[in-house]
There are 2 protein chains.
Amino acid sequence: MPAEPLSRPRIVAAAIDLIEREGADAVSMRRIAADLGVGVMSLYNHVPNKAALLDAVAETVLSGIEFTDDPDAGWTDRVRMQARAFRQIAHHYPRCTMVVVSRQLQSPAGLLPVERALATLRSAGFDGEEAVRILRMFIAYIVGSLLREVGVTPTFAPVHSSPVDLRKVDPALFPEIDALSAELGSCDHEAEFEFGMELLVQAIAVRREQGNG
Amino acid sequence: MPAEPLSRPRIVAAAIDLIEREGADAVSMRRIAADLGVGVMSLYNHVPNKAALLDAVAETVLSGIEFTDDPDAGWTDRVRMQARAFRQIAHHYPRCTMVVVSRQLQSPAGLLPVERALATLRSAGFDGEEAVRILRMFIAYIVGSLLREVGVTPTFAPVHSSPVDLRKVDPALFPEIDALSAELGSCDHEAEFEFGMELLVQAIAVRREQGNG
DNA sequence: GCGTGGCACGTACGGTGTACGTCCGTCAAT
DNA sequence: ATTGACGGACGTACACCGTACGTGCCACGC
């Protein structure tokens with residue numbers, strides 16, 4: 001009856017749609033099947049179980065990253081570009097970000113960014129051990145930044161909502177927080193991300209000039 | 001019948017115990033009640049719902065951090081100490097780390113580390129805006145590092161397990177990953193954490209000497 | 001014509017969170 | 001001492017979840 005014959009990509013796409021519309025908590029096999037106008041158990045002809053489906057969601061989102069690597073650019077710019085590309089996940093699939101981040105993938109889609117980043121760092125002159133360390137540091141920073149950006153908004157408000165209601169804190173107990181409530185209350189995610197990334201890029205640039213360590 | 005009369009702290013303690021023993025996926029109200037030798041619905045006399053219980057778990061774990069701030073030390077050492085204190089969560093409560101990280105708290109337990117960090121940065125001479133930025137950067141790095149350290153081991157093997165099975169990758173597609181499989185396959189979490197933290201600390205130290213930005 | 005295999009689907013089972021009603025022990029006021 | 005209120009422990013019930021299993025249909029190779 002369905003115009004298209006129910007395939008794994010269609011199921012994954014429906015899952016991503018559902019997550020973006022109603023949050024990851026709304027995902028259930030029954031719900032996805034209903035959205036596709038299909039019986040629940042039909043899904044299991046294409047996907048072994050729910051965990052594998054979420055893995056496929058993560059892989060699909062990850063493979064949607066536009067990695068435009070410019071070999072002519074300096075290595076610092078290439079690092080910046082790759083970090084920004086990763087951050088685009090949070091823009092294109094904000095509600096899926098948590099799903100992507102909370103599962104590690106050994107699939108090609110998950111390994112490609114790693115491969116690219118290592119190649120860039122090696123071409124910059126870092127040895128293998130150093131390249132892996134730097135990459136891990138960047139990944140930690142990026143993942144942490146994405147988590148803040150996406151917020152702990154797993155199901156709730158679409159995007160907005162102030163991070164914390166800072167008017168309720170006791171100024172006597174938390175004087176700094178009280179004094180800086182304006183700065184803490186708002187957050188330009190892009191500026192914050194760029195700030196930290198710039199610090200990291202320049203730090204490893206300095207480290208390279210010093211003849212690594 | 002229970003020797004002790006079933007209180008909120010007892011419920012939270014049972015939840016933490018259960019998470020550490022069997023992973024966060026094993027947590028259910030029925031299971032916690034069974035572990036306490038108590039009816040399921042009795043829990044709801046002390047905890048409004050499961051989400052609030054997990055919030056309480058996060059808050060309890062967070063308040064267990066030993067923040068020994070030494071005002072005589074230099075500000076860089078104080079920053080290091082606070083970052084390491086935060087990382088201790090992953091050691092004391094490895095299976096709870098994901099729970100802590102995936103919920104933001106506006107409770108005192110969650111705000112105290114923020115207050116301390118801001119005070120340290122302000123005392124180092126950073127203005128408010130800069131202090132907030134630096135703090136956010138550190139939090140992102142620490143959170144990302146904890147996630148890697150705890151792994152995506154939500155329920156599975158206790159601690160070990162190589163992060164990825166790198167023998168299955170195609171050397172033609174991923175030459176760098178193949179060449180660096182040894183470095184990628186093992187990870188000294190403490191050394192990696194210290195490496196990135198040191199880079200960040202020195203980067204902001206340089207920035208301060210340059211008269212901020 | 002006739003297996004045969006893939007796919008859609010229904011049913012069923014054991015699990016989940018929690019709303020609601022009931023019971024009972026304790027304590028305050030009469 | 002009696003009564004009344006109240007808080008906490010508990011059982012039942014409901015809607016929902018993932019998924020194991022069996023059934024039927026249909027399109028194909030022989």
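Lettering follows sequence order; numbering is per chain, from 1. Every value quoted in this text rests on a predicted model; they were computed, and no experiment measured them.
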Would you please confirm or rule out a distance under 4.0 Å between OP1 or OP2 of C:dC7 and any side-chain N or O of A:Ser42? no
Taking only N and O in the side chain of A:Asn45, is any of them less than 4.0 Å away from OP1 or OP2 of C:dA8? yes
Value in whole Å for how far the P atom of D:dC10 lies from CE of B:Met29: 14 Å
Do B:Asp188 and A:Arg133 meet the salt-bridge criterion of a basic N to acidic O distance under 4.0 Å? no
Where the side chain of A:Met41 is defined as all heavy atoms beyond and including C-beta, which of C:dT18, D:dA20, D:dC10 is the nearest nucleotide? D:dA20
Rounded to the nearest Å, what distance is computed from the CG atom of residue A:Leu54 to the P atom of nucleotide D:dC17? 14 Å
Taking the side chain of A:Ser28 as heavy atoms from C-beta outward, which of D:dC17, D:dA9, C:dA8 is closest to it? D:dC17
Expressed in angstrom and rounded to an integer, what is the separation of A:Tyr44 atom OH from D:dT23 atom P? 21 Å
Given C:dC9, C:dT18, C:dA8, which nucleotide is nearest the side-chain atoms of A:Val38? C:dC9
Where the side chain of B:Arg30 is concerned, which of C:dT18, D:dA9, D:dT19 is the nearest nucleotide? C:dT18
Salt bridge present between B:Arg116 and A:Glu176 (N-O < 4.0 angstrom): no
Atom CG of B:Leu6 and atom P of C:dC24: how far apart are they, to the nearest Å? 19 Å
So, A:Arg136 and B:Glu192, do they make that salt bridge, N to O below 4.0 Å? yes
From CG of B:Leu43 over to P of C:dA19, roughly how many Å is that when rounded to an integer? 13 Å
Does B:Glu22 pair with B:Arg95 as a salt bridge, N-O distance under 4.0 Å? no
A:Arg8 CZ to C:dC7 P, in whole Å, measures 13 Å
With the side chain of A:His46 defined as its heavy atoms from C-beta on, choose the nearest nucleotide among D:dT19, C:dG17, C:dA8. C:dA8
Which whole-number value in Å describes the distance from B:Arg10 CZ to D:dG8 P? 15 Å
Separation of atom CG in A:Asp25 from atom C1' in D:dC16, rounded to whole Å: 14 Å
Donor on one side chain, acceptor on other, B:Thr76 and B:Arg80, under 3.5 Å: yes
Between C:dA8, C:dT18, D:dT19, spot the one nearest the side chain of B:Lys50, thanks. C:dT18
